[in-house]
Amino acid sequence: QVQLVESGGGLVQAGGSLRLSCTASGRAFSSEIMAWFRQAPGKERDFVGGIRWSGGSTVHADSVKGRFTISRDPAKNTMYLQMNSLKPEDTAVYYCAYRDAYYIVSNQNAYSYWGQGTQVTVSS
């Protein structure tokens, strides 16, 4: 079992920044994938980006590339999502997810464990 706990959401003005955290527990992490997804009201859950735990290589969705950055701290078993230049359309519940595999993929069905989500609201 893997437990994921997100934190760091909140209300921010457009153009501002937030950093989300996702702390994982339940097993020792090596080469797995962790990812961020988001779901706006009335919309499907979308892939934001992912990171390979071993080596830290990342993939970011085109919609956030250049504004959001995924990183991780293996010593803390924590993944981060640094969000800069936030826009109202970034408003969503943000989820972290875990996949015991080598490749970072955008299909949410490929991820086995999920956090409870954290709300991010960007005001205009």
Side-chain angles (χ1 to χ4, degrees):
Q1 283 282 350
V2 174
Q3 293 80 41
L4 304 173
V5 179
E6 302 101 332
S7 61
L11 174 63
V12 64
Q13 288 189 331
S17 298
L18 277 176
R19 189 178 79 158
L20 306 184
S21 300
C22 173
T23 299
S25 62
R27 60 171 293 174
F29 295 93
S30 55
S31 59
E32 295 87 343
I33 302 299
M34 291 184 69
W36 290 100
F37 288 77
R38 65 184 181 183
Q39 187 167 21
K43 295 189 177 182
E44 294 187 351
R45 191 173 297 186
D46 290 333
F47 176 76
V48 175
I51 187 166
R52 181 174 297 116
W53 205 252
S54 173
S57 58
T58 59
V59 171
H60 295 81
D62 287 343
S63 59
V64 305
K65 203 170 290 184
R67 299 188 300 124
F68 292 9
T69 302
I70 296 172
S71 62
R72 92 273 189 252
D73 183 344
K76 297 181 178 179
N77 267 8
T78 299
M79 173 178 65
Y80 302 101
L81 180 64
Q82 178 66 45
M83 304 185 293
N84 299 328
S85 302
L86 282 161
K87 306 175 182 180
E89 51 263 44
D90 294 318
T91 294
V93 177
Y94 284 71
Y95 298 90
C96 66
Y98 165 94
R99 178 172 190 254
D100 186 5
Y102 185 76
Y103 294 103
I104 300 169
V105 298
S106 60
N107 184 349
Q108 61 174 316
N109 294 321
Y111 292 82
S112 304
Y113 296 96
W114 293 81
Q116 81 287 354
T118 186
Q119 176 71 47
V120 171
T121 303
V122 184
S123 63
S124 57

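Residues: numbered from 1 along the sequence shown. Just so it is clear, the values below take in all heavy atoms, side chains as well, and ignore hydrogens, waters and symmetry mates.
Taking a cutoff of 4.0 Å between a charged side-chain nitrogen and a carboxylate oxygen, Asp62 and Lys65 qualify as a salt bridge.
Within the structure, the disulfide (SG to SG under 2.5 Å) test picks out the following pairs touching residues 5-119 (sequence neighbours left out): Cys22-Cys96. For residues 46-75, the pairs satisfying ring-ring contact (aromatic ring centres under 6.0 Å, His included) are Phe29-Trp53, Phe37-Phe47, with sequence neighbours left out.
In this structure, the salt bridge (Lys or Arg N to Asp or Glu O under 4.0 Å) partners of Glu32, at least two apart in sequence or on a different chain, are Arg27.
Using a 4.5 Å heavy-atom threshold, the side chains of Glu44 and Gln108 count as separate.
In this structure, the separation between CZ on Arg38 and NZ on Lys43 is 9.0 Å, given to the nearest 0.5 Å. How far CG of Asp100 is from OH of Tyr113: 9.0 Å, rounded to the nearest 0.5 Å. The OG1 atom of Thr23 sits 9.5 Å away from the CE atom of Met79 when rounded to the nearest 0.5 Å. For the atom pair OG1 (Thr78) and CE (Met34), the distance works out to 8.0 Å, reported to the nearest 0.5 Å. Taking OG1 of Thr69 as the start and CG of Leu81 as the end, the distance is 8.0 Å to the nearest 0.5 Å. Taken to the nearest 0.5 Å, the CG atom of Asp46 stands 9.5 Å off from the OG atom of Ser106.
Heavy-atom contacts from other residues, nucleotides or ligands closer than 6.0 Å to CD of Gln116 number more than 12.
Val105 and Ala110 get closest at one heavy-atom pair: CG2-CB, 3.6 Å. Summarising the geometry of Tyr80 relative to Arg72, their closest heavy-atom pair is CD1-CA, 4.4 Å, with the distance given to 0.1 Å. Here the shortest heavy-atom pairing between Ser124 and Ala14 reads CA-CB, 4.3 Å. Nearest heavy-atom pair across Thr58 and Ile70 is CG2-O, 3.6 Å. The shortest heavy-atom contact between Ser17 and Gln82 is CB-NE2, 4.0 Å. In plain terms, the two heavy atoms of Val48 and Val64 that are nearest each other are O-CG2, 3.6 Å.
Here the side chain of Glu6 pairs no donor or acceptor atom with the backbone of Thr118 at under 3.5 angstrom. No donor-acceptor distance shorter than 3.5 angstrom exists from the side chain of Ser63 to the backbone of Ala61, with no hydrogens or angles considered. For Ser85 (side chain) and Gly15 (main-chain N/O), no donor-acceptor pair under 3.5 Å exists by modelled atom type. Judged purely by atom type and a 3.5 angstrom limit, Gln119 has no side-chain atom pairing as donor or acceptor with the backbone of Gly9. For the pair Arg19 (side chain) and Gly8 (backbone), a donor-acceptor distance under 3.5 Å is absent.
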Handout entry: side chain to side chain contact (heavy atoms under 4.5 Å, CB included) assessment of Arg45 paired with Trp114
Key = CA-CA 12 Å; Arg45 191 173 297 186; Trp114 293 81; 3.2 Å; yes
Exercise for the section: Please assess Tyr111 against Ile33 for the test side chain to side chain contact (heavy atoms under 4.5 Å, CB included), listing each intermediate value before the final yes or no. Expected result: CA-CA 9 Å; Tyr111 292 82; Ile33 302 299; 3.9 Å; yes
Practice task
Start with the C-alpha distance between Met83 and Asp90, add both sets of side-chain angles, then the distance that settles side chain to side chain contact (heavy atoms under 4.5 Å, CB included), and finish with yes or no.
Solution key: CA-CA 9 Å; Met83 304 185 293; Asp90 294 318; over 6 Å; no
Exercise for the section: For the pair Val120 and Leu18, evaluate side chain to side chain contact (heavy atoms under 4.5 Å, CB included) and give the outcome as yes or no after the intermediate values. Expected result: CA-CA 9 Å; Val120 171; Leu18 277 176; 3.9 Å; yes
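Because its NZ or CZ atom is both nearer than 6.0 Å to the ring centre of Tyr102 and within 45° of the ring axis, Arg52 counts as a cation-pi partner of that residue.
One hydrophobic cluster, built from ILVMFWY side chains closer than 4.5 Å, holds both Tyr95 and Val59. Clustering ILVMFWY residues whenever any of their side-chain heavy atoms sit less than 4.5 angstrom apart, transitively, puts Leu4 in the very cluster that holds Trp36.
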